[in-house]
Amino acid sequence: MKLFFVSDLHGSEICWKKFLNAGAFYKADVVILGGDITGKAMVPIVQHADGTWAASLQDHLDTLETEAEVVEFEKRVMNRGYYPLRVSDEEYRALQADPELVDKRFKEVMVEGTERWIAMAEDKLAGTGIRVVACPANDDMFEIDDLLAGARVVETGDEEHPIDLGDFTMVSMGWTNPTPWHTFREAEEPELARRIERALQAADDPKKTIFNFHAPPYGSRLDTAPALKEDLSYVSGGQALRPVGSTSVREAIKSYQPLLSLHGHIHESKGAVRLGSTLALNPGSSYEEGILQAAIVDIDPRKQKVKNYLLVNG
Amino acid sequence: MAAIPEAPTLFLRKATGLVKGWSKFDAFLYSFMSVNFVTLGLFFSLSVLGFVPDGQVLPALLLSGVFISFMVVTYAGLISVMPRAGGDYVWQSRVLGGGIGFVLAVTGWWFILWYWAPVYANILSVEVLQPLAAVLKLDGLSDFLANDNGLFLVIQVTVVLAGVLVALGMETYAKIQKICFYIGMAALTLMFLIMLFGSRSGFQSAFNQEAVNLFGASGDSYNRTLELAGGSQVVPDLGFTPFLGSTLLLVPFLAFWILYPNWGATLYGEVRGASDFRRVMVGMMQGLWVTIAIAVVFILLAAKFFGWQFFNAANLNYWNTVYQTGEAAIPIWPFPPLLASFYFHNPLLSAIIVLAFGAWFLGWAGTLFLSSTRVIFAAAFDRILPERMADVSEHRHVPVWALILMLVPSLVVGALYAYTDNFATYILDAVLVITVTFFGTAIAAMILPFRKRHLYQNSPIARYKFLGIPLISITGFLTAAFLGYNLWKWFWDDLYAVNNFESKLFLLVMYGLAIGIYVVAWFYRRRQGIDLRRVHEEIPVE
């Protein structure tokens, strides 16, 4: 069985399209998105009274005059993982003045974006035999959970809902230990440990179990991130690196020893390590550049072993 | 209501990874310490001017700075297109292919660092240990440092020091580096003040006196230095003629020092824009041009205080002793801060000045193996090296295997450096191999907009064009032309002492080893069912 695993697409449409094509490209049986599906930013495209549109991307102000130009701009925005938002001057000003309104619009565009992605997956993969799994993680609002659960082709899972991969069971958890950004699915380590324990109730054989835990294990080198000051600027210009993973995840891997443990969350910490007999992987993420960093894992169901793996930049 | 006057700003929600970018100072500091004026500039590039008796250093410096600026733009552009850690390896692998990327990256960022280790050690010896031993009159130590065993011991100490700094981690080292910057700049300012307000006759007298006092010389050592170098006109007086011609022969010497403002090329922030491209570029530019400005001030003050002919004669004599083609009035390298400190005839003050200048070494030495360990990790993740090579220790997270792969070969190469006659003279091989790597990156940058259209179009530099040609292609071409010129001179001109059989054999072994590892990995992984070509293949979008 061949798995194709990615994480942290953060709304990048180009990466999602590559993800949907990856099953056929790498001849994978299952393609898995391990969390952080949705984008982090909305890019307003502001319509002026004269009918033109003003929008700024990557510090460059564009004045868009035709519908085709606006559509092309929106495509660029979505490829970087942001949400384009057509607004009038008045709406833009209202958004600037009201954080709650911004939050409301974020929910709307994220739901719309997720629905569009699910529809794309159904168009692309229905009837192909390639299974597609997408699980929410700490950066995803809870509003997308029901959309994923209700999808026809896209499967999803969490601590309460393991995914049957035929010869193996994949248990998932999108929650992470606390971050400086106080995102949607964060918990202190004891709570994470309890969640993992619940998830493991569905897994009775370590050799047939795959962890899909968004947070990487602490101190594993899959969790190394630049240290930050309180104002979220880098310590020592980004040279100072620290382990920021979860101790509960590490303990769970070391005590349970699943066949495979898949992680994401720390984009810059791509790597593969062995924790006891468990192969743990973090493919990293370069979603903004439109590069789909991924792990391809070939598993021998008969021997219940990982035959080989490859970290790719697709 | 009037239209909004400013560019609409994006709305961010709470999400991981949204950090502020580099501070401009951090970007500058990293670059500035990489084109280290004292360790690389003074020790080598500005000490060999006498080998080009018709060359003018000021225009050579200016021309090099202009062309390296194109390289800075090229690297800043690549960072904004593909910022993830790995730098040259990632860019080349993605654009030119995994095999080329691996060979050029491991030779330029790993193997050649085995040779850099004894070069670092030699710099530690001639800039810190030998001057200290001299001013403190530790004759036994001076003699020991001057022989092969002494050099090999310093090599071992340097290798262990660099290894310990990697083990300590970059966070600790970054703090050390910042402190070193301030101490080093204070020391440099003091030296400049001495050179500015001191007189040449005063220096001449001080030099003669200290040559007797510290080294047992006799007579007028100042004029003897000039005589040993062939007279009073070792190099042309400072000026801008010839602007090209022989002056261009100095450029490959200067490259040893100022070719690396891009050394910290892999750091980045998320949700970047063109401002980050500019910030990274400006940081590297400042590192380069502040260093060049310091060098120009130094050159002018050296001409005033030491005398331009004396300065070059003293350096030329030193290198003639290294190459065993001549002799010198004093038995150690004429380290400018040491010479300037002679002015006070106070050994303690001289020792303090030398130690303070040691901060330039310490703030730079820690990066010796840091890049190498990252390349080793990247190659292990790509399954070219065994995955064990990326292991870190359980408690202190020390990259044990990566360090072994650096330390052990460094000691072997260090032994060759210390105990063979010619190995130490291949000093420009150290920059030659890195230049080949940068050359590969420049080619990758040139063709990036055409070979990786999606990536390029998605980047903030896609809008920078000149006559419809992508800016990165133009700067990539100019960078490749500049690097190509240097490579051509190193490979074909006797002047640089690296176009001989042994030097080429050394290079051949390194590139052969890299190719060998890749070929073995390719076949080995193929037997495991892994196709290494797949690592960098792009998945179709539509």
Side-chain angles (χ1 to χ4, degrees), chain A residues 14 17-18 21-22 25 40-44 46 48-49 54-56 58-61 79-80 82 89-90 92 95 102 106 138-139 179 181-183 219 221 227-228 231-241 243 267-268 270-272 284 286 289-290 292 298 307-308 310-314, chain B residues 1 3-4 7-20 22-23 26-27 29-30 81-85 94 169-171 174-175 178 267-268 270-275 377 381-383 387 390-392 397 454-455 458-460 463 528-530 534-542:
Chain A
I14 197 168
K17 287 177 180 173
K18 286 182 175 182
N21 286 334
F25 189 71
K40 299 177 181 181
M42 289 189 298
V43 177
V46 184
H48 296 315
S56 183
Q58 298 169 320
D59 298 330
H60 186 265
L61 175 64
N79 281 343
R80 288 196 74 78
Y82 311 150
D89 277 354
E90 291 76 12
Y92 176 67
L95 283 165
V102 172
F106 250 123
N138 69 304
D139 272 328
T179 74
W181 297 274
H182 311 296
T183 56
R221 217 176 9 79
L228 298 176
D231 68 352
L232 299 181
S233 64
Y234 287 126
V235 172
S236 302
Q239 299 172 65
L241 303 174
H267 303 179
E268 51 275 71
K270 164 187 167 179
S286 292
E289 293 73 46
L292 188 62
D298 204 349
K307 279 163 67 180
N308 58 53
L310 195 61
L311 299 175
V312 299
N313 311 296
Chain B
M1 185 180 285
I4 50 169
T9 54
L10 49 71
F11 296 105
L12 294 167
R13 66 180 175 91
K14 57 179 183 180
T16 46
L18 297 176
V19 299
K20 295 181 179 174
W22 266 20
S23 80
D26 285 329
L29 183 63
Y30 207 95
V81 178
M82 288 185 267
R84 295 294 179 227
R94 190 92 190 167
M170 200 60 208
E171 182 166 3
K175 289 175 189 161
K178 200 167 272 188
L267 303 176
Y268 61 90
E270 205 168 328
V271 186
R272 293 169 321 282
S275 62
F377 283 0
F381 296 152
D382 285 354
R383 310 306 303 275
E387 65 185 51
D391 279 358
V392 294
H397 313 300
H454 274 303
L455 275 177
N458 206 28
S459 76
R463 67 178 64 92
Q528 291 183 320
I530 297 172
R534 290 247 134 174
V535 173
H536 300 288
E537 268 180 350
E538 193 161 359
I539 303 167
V541 178
E542 301 302 338

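Given the structure is predicted, the values throughout are model-derived calculations rather than measurements. Every chain is numbered from 1 and lettered A, B, ... according to where its sequence line falls, protein lines coming before strand lines.
Side-chain N or O atoms of B/R534 include none that pairs as donor or acceptor with a backbone N or O of A/L310 at under 3.5 Å. A donor-acceptor distance shorter than 3.5 angstrom exists from the side chain of B/R94 to the backbone of A/N313, with no hydrogens or angles considered. Between the side chain of A/Y82 and the backbone N or O of B/F11, no donor-acceptor pair lies under 3.5 Å.
Proximity to chain B involves both the backbone and the side chain of A/F25, based on heavy atoms less than 4.5 angstrom apart. For A/K270, the parts lying near chain B are the backbone and the side chain together; criterion is any non-hydrogen pair under 4.5 Å. B/H536 touches chain A through backbone and side chain together, each having a heavy atom under 4.5 Å away.
Atom CG of residue A/D298 and atom CD of residue B/Q528 lie 11.0 Å apart, to the nearest 0.5 angstrom. Distance check: A/L311 CG to B/R383 CZ gives 8.0 Å after rounding to the nearest 0.5 Å. Rounded to the nearest 0.5 Å, atoms CG (B/L455) and CD1 (A/I14) are 7.5 Å apart. With values rounded to the nearest 0.5 angstrom, B/I539 atom CD1 is found 14.0 Å from A/K17 atom NZ.
Scanning both residues, B/V541 and A/K18, for their nearest heavy atoms gives CG2-CE, 3.9 Å.
Side-chain contact between A/F106 and B/L12: absent, with no pair of heavy atoms (C-beta onward) separated by less than 4.5 Å. Contact check for B/E537 versus A/V312: no side-chain heavy atoms found under the 4.5 Å cut-off. At least one side-chain heavy atom of B/P8 sits under 4.5 Å from a side-chain heavy atom of A/L61.
The residue among B/N458, B/D382, B/I530 with the most heavy atom pairs within less than 4.5 Å of chain A is B/N458. The choice from A/A22, A/A272, A/G271 that makes the most heavy-atom pairs within less than 4.5 Å of chain B is A/G271.
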